[in-house]
Amino acid sequence: LLTVRAAFFGDLYPVRFEAYGLVIQGEIDALRQAWSRMGDLAILVPSGFWGILLTYLYGRIVAPEEGVKYLRQLALLFEAEDQCWEQALSLYFLGNLMEIIITREPGNPSLFVEARQSLSTALSIFIELGDEREVGNTQRALGNLSHLERNLRAAIEHWQAAQRQLVAAGEAALA
């Protein structure tokens, strides 16, 4: 329940869809409390979606490097257990979380490489699974990453693909 509480802004807009690089305040106390109770791989893995979301939120709001470390491990563990959707979601959030670190270290090309690889693998898995919504969200994240790389052509292509995919999945169009 603490993870759910931390997953939404006060207006109930999900933190997960904050895609514009804004500073997120969220429910920091609830998040720290949830992490202190669940921030262990032995608990995060069986928690599936909620464990992945908690790890992303903790990384996004409190400790980016720790979130990245745990999301890498979660992706590997879900891959080993043949839990493809959870693996893809871990990789999607890993790529998103790395944006924060990239903005701090923009001259580190290995960060871009890992973020792109994580997002591209997630995209492939979501396509294979037929998860249209997550395909669109991952395309949007790839557009954001391309924008950080100053590759505007690729950013626009990813964002347009994301918009088409999300509209097809019944989601609102991107602003």
Side-chain angles (χ1 to χ4, degrees), residues 2-8 14-28 30-106 108-129 131 133-146 148-149 158 162:
L2 291 168
T3 302
V4 172
R5 184 172 157 202
F8 294 91
V15 170
R16 158 176 193 202
F17 296 122
E18 186 279 326
Y20 304 105
L22 303 174
V23 176
I24 299 174
Q25 293 304 314
E27 290 281 347
I28 293 176
L31 187 56
R32 287 179 195 258
Q33 195 174 3
W35 189 254
S36 72
R37 294 177 182 183
M38 292 182 60
D40 181 289
L41 289 172
I43 298 170
L44 293 169
V45 171
S47 299
F49 169 80
W50 294 107
I52 297 165
L53 181 62
L54 173 61
T55 304
Y56 169 72
L57 292 171
Y58 185 77
R60 183 84 184 185
I61 298 169
V62 179
E65 288 80 7
E66 190 171 358
V68 163
K69 177 183 132 189
Y70 274 84
L71 285 168
R72 285 177 182 140
Q73 293 173 352
L74 285 171
L76 290 172
L77 290 168
F78 286 126
E79 180 181 24
E81 294 181 10
D82 202 29
Q83 291 181 270
C84 298
W85 189 85
E86 289 82 357
Q87 175 195 1
L89 192 66
S90 297
L91 292 168
Y92 163 77
F93 280 134
L94 174 60
N96 276 289
L97 190 52
M98 290 190 75
E99 284 183 25
I100 292 173
I101 297 169
I102 286 170
T103 58
R104 291 184 193 160
E105 303 176 40
N108 186 341
S110 66
L111 296 175
F112 283 104
V113 170
E114 183 179 2
R116 181 161 307 287
Q117 182 177 355
S118 296
L119 291 169
S120 296
T121 301
L123 180 63
S124 295
I125 295 169
F126 287 136
I127 289 170
E128 185 177 321
L129 295 174
D131 189 329
R133 179 174 299 126
E134 294 308 327
V135 167
N137 288 325
T138 307
Q139 284 281 15
R140 180 177 53 204
L142 282 163
N144 295 346
L145 182 62
S146 295
L148 282 175
E149 293 174 301
H158 284 297

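Position 1 is the first residue of the sequence, and the numbers go up from there.
Between Trp85 and Ile125, every side-chain heavy-atom pair lies at or beyond the 4.5 Å cut-off. With contacts defined as side-chain heavy-atom distances shorter than 4.5 Å, the pair Cys84/Leu129 qualifies. Between Leu97 and Thr55, the closest side-chain pair of non-hydrogen atoms is not below 4.5 Å.
Not counting sequence neighbours, Ser124 has no partner by the side chain to side chain contact (heavy atoms under 4.5 Å, CB included) test. Under the side-chain hydrogen bond (donor to acceptor under 3.5 Å, both in side chains) criterion, Arg72 pairs with Glu114, not counting sequence neighbours. Residues passing the side chain to side chain contact (heavy atoms under 4.5 Å, CB included) test with Glu81, sequence neighbours excluded: Val45, Gln83. Legend: residues meeting side chain to side chain contact (heavy atoms under 4.5 Å, CB included) with Thr103, ordered by chain and number and at least two apart, are Leu148. Applying the salt bridge (Lys or Arg N to Asp or Glu O under 4.0 Å) test to Glu66 and every residue at least two apart in sequence or in another chain returns nothing. Contacts of Ser110 classified as side-chain hydrogen bond (donor to acceptor under 3.5 Å, both in side chains), with partners at least two apart in sequence or in another chain: Asn108. For Glu86, there are no salt bridge (Lys or Arg N to Asp or Glu O under 4.0 Å) partners at least two apart in sequence or on another chain. Applying the side-chain hydrogen bond (donor to acceptor under 3.5 Å, both in side chains) criterion to Thr121, with sequence neighbours excluded, gives no partner residue. Residues forming a side chain to side chain contact (heavy atoms under 4.5 Å, CB included) with Glu79 (at least two apart in sequence, or on another chain): Leu76, Gln87. The salt bridge (Lys or Arg N to Asp or Glu O under 4.0 Å) check on Glu128 picks up nothing, with sequence neighbours excluded.
The heavy-atom pair separating Arg37 from Ile43 by the smallest distance is O-CD1, 3.5 Å. Listed here is the closest heavy atom pair of Pro64 and Ile100: CG-CG2, 3.8 Å. Closest non-hydrogen pair, Gly48 versus Phe78, comes out as CA-CZ, 4.2 Å. Contact record, Arg116 with Leu142: NH1-CD2, 3.5 Å, taken as the closest heavy-atom pair. The two residues Ala122 and Leu91 make their nearest non-hydrogen contact at CB-CB, 4.0 Å. Closest approach of Leu74 and Ser90 over heavy atoms only: CB-OG, 3.8 Å.
Checked by atom type and distance alone, the side chain of Asp131 never pairs as donor or acceptor with a backbone atom of Ile127 at under 3.5 Å.
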Item to check | side-chain contact (heavy atoms from CB on, under 4.5 Å) assessment of Phe112 paired with Ile102 | outcome: CA-CA 7 Å; Phe112 283 104; Ile102 286 170; 3.3 Å; yes
Next on the checklist: Assess the residue pair Tyr92 and Tyr56 against the criterion (side-chain contact (heavy atoms from CB on, under 4.5 Å)); give the C-alpha distance rounded to whole Å, side-chain angles, the decisive distance to 0.1 Å, and a yes or no.
Outcome noted: CA-CA 10 Å; Tyr92 163 77; Tyr56 169 72; over 6 Å; no
Checklist entry - So Leu44 and Trp50, side-chain contact (heavy atoms from CB on, under 4.5 Å) or not? Walk me through it. => result CA-CA 8 Å; Leu44 293 169; Trp50 294 107; over 6 Å; no
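Summarising the geometry, atom CG belonging to Leu94 is positioned 14.0 Å from atom NZ belonging to Lys69; distances are rounded to the nearest 0.5 Å. Atom OG of Ser118 and atom CG of Leu145 lie 10.0 Å apart (nearest 0.5 Å). Taking CE of Met98 as the start and CG of Leu71 as the end, the distance is 10.5 Å to the nearest 0.5 Å. Considering CG of Leu53 and CZ of Arg60, their distance stands at 12.5 Å, rounded to 0.5 Å. A distance of 7.5 Å separates CG in Asn144 from CG in Asn96, rounded to the nearest 0.5 Å. Between atom CG of residue Leu119 and atom CD of residue Gln117 there is a gap of 10.5 Å, rounded to the nearest 0.5 Å.
Annotation: Trp35 is in aromatic contact with Tyr70 [ring centroid separation under 6.0 Å].
For residues 45-59, no residue pair satisfies the salt bridge (Lys or Arg N to Asp or Glu O under 4.0 Å) rule, not counting sequence neighbours.
Taking 4.0 Å as the cut-off between side-chain N and carboxylate O, Glu65 and Arg104 count as a salt-bridged pair.
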